[in-house]
A.B. asks: 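Handing you a structure now.
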Protein chains: 2
Amino acid sequence: MPHMTKYQGPGLTELRRGVVEYCVMSMLSKEEMYGFQLVETLASHDGLVTSEGTMYPLLGRLHDAGLVNTNWRQEGSNRPRKYYSLTSAGRAALESFRNDWARFRDTVDKVLSISGE
Amino acid sequence: MPHMTKYQGPGLTELRRGVVEYCVMSMLSKEEMYGFQLVETLASHDGLVTSEGTMYPLLGRLHDAGLVNTNWRQEGSNRPRKYYSLTSAGRAALESFRNDWARFRDTVDKVLSISGE
DNA sequence: CATGATACCTTGTCTGACAAGGTTTGACCA
DNA sequence: TGGTCAAACCTTGTCAGACAAGGTATCATG
């Protein structure tokens, strides 16, 4: 059963926008990973499902922007994999986003709870 | 100085996607508001700046989806304003989103802090 | 050597944010 | 009266990014 994609409502798709990118960078800041692995790992986190059609173009953009490096590597007898790692520019961008995210998150929390009491 | 739009980096634009919609609904759940007022109120919240070019189509979509009602009303000698209020379907959608948001927020928090310790 | 799984990538479609316009209404003032 | 201004509405066109649905290459296993 190839090309399986877990469906999640339309609302969540929009939520992921502009965040998945940095989730990927955050994972890469911990260890080198390859595209397919990133898709699977994200899917294991609640609400972060993506597909390869999202991931590969995304990784391409990060690379073009100089935020990640790539290198092909073969482990054992597996087929070669293209590993991504964070550049220092990537690390800086990630750090900056962590601030943006915290502010944004707090704002949304506040606005969404306006009605409740 | 008409049509002024505060510029915020490109990253934040994507963040707002899929969230502003529910921020609007949350505000409407508290009290009726009109479009222009919503733009100004959102702008007063950190990271939620939008423009009229975003707001009016958004309100139109909410209306088409049956999530909000509208009624023109004139207060004093002001020009008439188109007030929006939440329908019960809107209230349900908002409540559902509050759950989605909480889960999503927690996931992102977790992933973003992977590297830090 | 056929099949299946892994792993890469591309094309096309759709949604929604935004810039940059435009229109209407009423207040204010000369 | 008529000109200007701001409030308030709306539309058009452009762009980015998510995703579905394909395709291709490599390797293990039967």
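Residue numbers begin at 1 in each chain, while the letters A, B, ... track the order of the sequences.
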A.B. asks: Taking the side chain as every heavy atom from C-beta outward, state whether A:V24 and A:M55 have any pair of such atoms under 4.5 Å apart.
C.D. replies: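 A side-chain contact exists here, since the closest heavy-atom pair is under 4.5 Å.
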A.B. asks: I need the CG-P distance between B:L58 and C:dT15, as an integer number of Å.
C.D. replies: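 Checked: the CG to P distance equals 15 Å.
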A.B. asks: Which nucleotide wins on minimum distance to the side chain of A:F36, given the candidates D:dC10, C:dC18, C:dC8?
C.D. replies: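 Looking only at heavy atoms from C-beta outward on A:F36, the closest nucleotide is C:dC8.
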A.B. asks: Assuming nearest nucleotide by heavy-atom distance, tell me which of A:T54 and A:P80 is located more 5' along DNA chain C.
C.D. replies: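 Nearer the 5' end of the strand: A:P80.
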A.B. asks: Evaluate A:S26 against A:R98 for side chain to side chain contact (heavy atoms under 4.5 Å, CB included), listing each step before the verdict.
C.D. replies: CA-CA 10 Å; A:S26 185; A:R98 285 206 174 99; 3.5 Å; yes
A.B. asks: Among A:K110, A:R103, A:R105, whose salt bridge (Lys or Arg N to Asp or Glu O under 4.0 Å) with B:D46 holds?
C.D. replies: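 Considering A:K110, A:R103, A:R105, a salt bridge (Lys or Arg N to Asp or Glu O under 4.0 Å) with B:D46 is found only for A:R103.
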A.B. asks: Whole angstrom is fine here: how far is it from CG in B:L59 over to P in C:dC18?
C.D. replies: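 About 14 Å, once rounded to whole Å.
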A.B. asks: Is there a donor-acceptor pair closer than 3.5 Å between any side-chain N or O of A:R16 and the backbone N or O of A:T50?
C.D. replies: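 Side chain of A:R16 to backbone of A:T50: no pair is present.
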A.B. asks: Within the pair B:R79 and D:dA6, is there a side-chain N or O less than 4.0 Å away from OP1 or OP2?
C.D. replies: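 Checking D:dA6 against B:R79, no side-chain N or O comes under 4.0 Å of OP1 or OP2.
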A.B. asks: Does a nitrogen or oxygen in the side chain of B:R73 sit under 4.0 Å from OP1 or OP2 of D:dA8?
C.D. replies: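 So the side chain of B:R73 is outside the cut-off, no N or O lying under 4.0 Å from OP1 or OP2 of D:dA8.
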A.B. asks: Expressed as a whole number of angstroms, how long is the span from B:L42:CG to C:dA17:P?
C.D. replies: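 Whole-Å distance recorded here is 11 Å.
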A.B. asks: In Å and rounded to the nearest 0.5 Å, what is the CE to CD distance from B:M25 to B:E95?
C.D. replies: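 It comes to 10.5 Å.
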A.B. asks: Just the rounded figure in Å: distance from P of C:dG16 to CG of B:L15.
C.D. replies: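 Interatomic distance, CG of B:L15 to P of C:dG16: 17 Å.
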A.B. asks: Measure the shortest side-chain to side-chain distance between A:Y84 and A:M33 over non-hydrogen atoms and say whether it is less than 4.5 angstrom.
C.D. replies: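 They are not in side-chain contact.
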A.B. asks: Could you tell me how far apart A:E14 (CD) and D:dA16 (P) are, to the nearest whole angstrom?
C.D. replies: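 So the CD-P distance, A:E14 to D:dA16, works out to 16 Å.
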A.B. asks: If you check every side-chain atom of A:Y56, which of C:dT24, C:dA17, C:dC8 has the closest atom?
C.D. replies: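 Nearest nucleotide to the side chain: C:dC8.
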A.B. asks: Reckon A:R81 has a side-chain N or O less than 4.0 Å from the OP1 or OP2 of C:dA7?
C.D. replies: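 Yes, because at least one side-chain N or O of A:R81 sits under 4.0 Å from OP1 or OP2 of C:dA7.
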A.B. asks: Tell me which nucleotide among C:dT6, D:dA8, D:dT11 gets nearest to the side chain of B:P57.
C.D. replies: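 Selected nucleotide (nearest to the side chain): D:dT11.
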A.B. asks: To the nearest Å, how far apart are B:Y22 OH and C:dG16 P?
C.D. replies: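 Rounding to the nearest Å, OH of B:Y22 and P of C:dG16 are 10 Å apart.
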A.B. asks: Taking the minimum atom-to-atom distance to the side chain of A:R61, which one of D:dC27, D:dA18, C:dA17 wins?
C.D. replies: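 Among the listed nucleotides, the one closest to the side chain of A:R61 is D:dA18.
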A.B. asks: Which protein N or O atoms sit under 3.5 Å from an N or O of nucleotides 28-30 of chain D?
C.D. replies:
| residue | atom | partner | partner atom | Å |
| --- | --- | --- | --- | --- |
| D:dA28 | OP1 | A:S77 | O | 3.4 |
| D:dA28 | OP1 | A:S77 | OG | 2.9 |

A.B. asks: Working note: A:L28 + A:L38, criterion side chain to side chain contact (heavy atoms under 4.5 Å, CB included); need CA distance, chi angles, decisive distance, verdict.
C.D. replies: CA-CA 9 Å; A:L28 293 182; A:L38 284 162; 4.3 Å; yes
A.B. asks: Among D:dC19, C:dC9, D:dC10, which nucleotide sits nearest the side chain of A:K82?
C.D. replies: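 Out of D:dC19, C:dC9, D:dC10, the nucleotide with an atom closest to A:K82's side chain is C:dC9.
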A.B. asks: Would you kindly compare A:V20 and B:W72 by the position of their nearest DNA chain D nucleotide and give the one closer to the 5′ end?
C.D. replies: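 Its nearest nucleotide lies further toward 5', so the answer is B:W72.
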A.B. asks: Taking OP1 and OP2 of D:dC27, is either one under 4.0 Å from a side-chain nitrogen or oxygen of A:Q74?
C.D. replies: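 Checking D:dC27 against A:Q74, a side-chain N or O does come within under 4.0 Å of OP1 or OP2.
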A.B. asks: Quick one: stems for DNA chain C, with Watson-Crick or G-U pairs under 3.5 Å, at least three in a row?
C.D. replies: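 So far as stems of 3 or more pairs are concerned, DNA chain C shows C:1-30 with D:1-30.
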A.B. asks: Side chains of A:E21 and B:E14, heavy atoms from C-beta outward: is any pair under 4.5 Å?
C.D. replies: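 A side-chain contact is absent here, since even the closest heavy-atom pair is not under 4.5 Å.
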A.B. asks: Classify the ring geometry between A:Y22 and A:F97 as parallel (under 30°), tilted (30 to 60°) or perpendicular (over 60°).
C.D. replies: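 Parallel: the ring planes of A:Y22 and A:F97 meet at under 30°.
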A.B. asks: Please determine, for the side chain of B:E52, which listed nucleotide (D:dC10, C:dC18, C:dG16) has the closest atom?
C.D. replies: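 The answer is D:dC10.
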A.B. asks: Send over the distance from B:M55 CE to C:dC18 C1', rounded to a whole Å.
C.D. replies: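 My rounded result for the distance is 13 Å.
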A.B. asks: Test side chain to side chain contact (heavy atoms under 4.5 Å, CB included) on A:L15 and B:V19 and set out the steps.
C.D. replies: CA-CA 7 Å; A:L15 264 194; B:V19 174; 3.2 Å; yes
A.B. asks: Could you state the CD-P distance from A:E21 to D:dA16, rounded to the nearest angstrom?
C.D. replies: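 In whole Å, D:dA16 P lies 13 Å from A:E21 CD.
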A.B. asks: Is B:G53 touching bases, backbone alone, or none of the nucleic acid, heavy atoms closer than 4.0 Å?
C.D. replies: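 B:G53: base contact, heavy atoms under 4.0 Å.
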A.B. asks: Do A:L59 and A:V68 have side chains that approach each other closer than 4.5 Å (heavy atoms only, starting at C-beta)?
C.D. replies: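 A:L59 does not reach A:V68 side chain to side chain.
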A.B. asks: Quick one: is A:T13 getting a side-chain N or O under 4.0 Å of the D:dC19 phosphate, OP1 or OP2?
C.D. replies: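 Answer yes for this pair, as a side-chain N or O of A:T13 is under 4.0 Å from OP1 or OP2.
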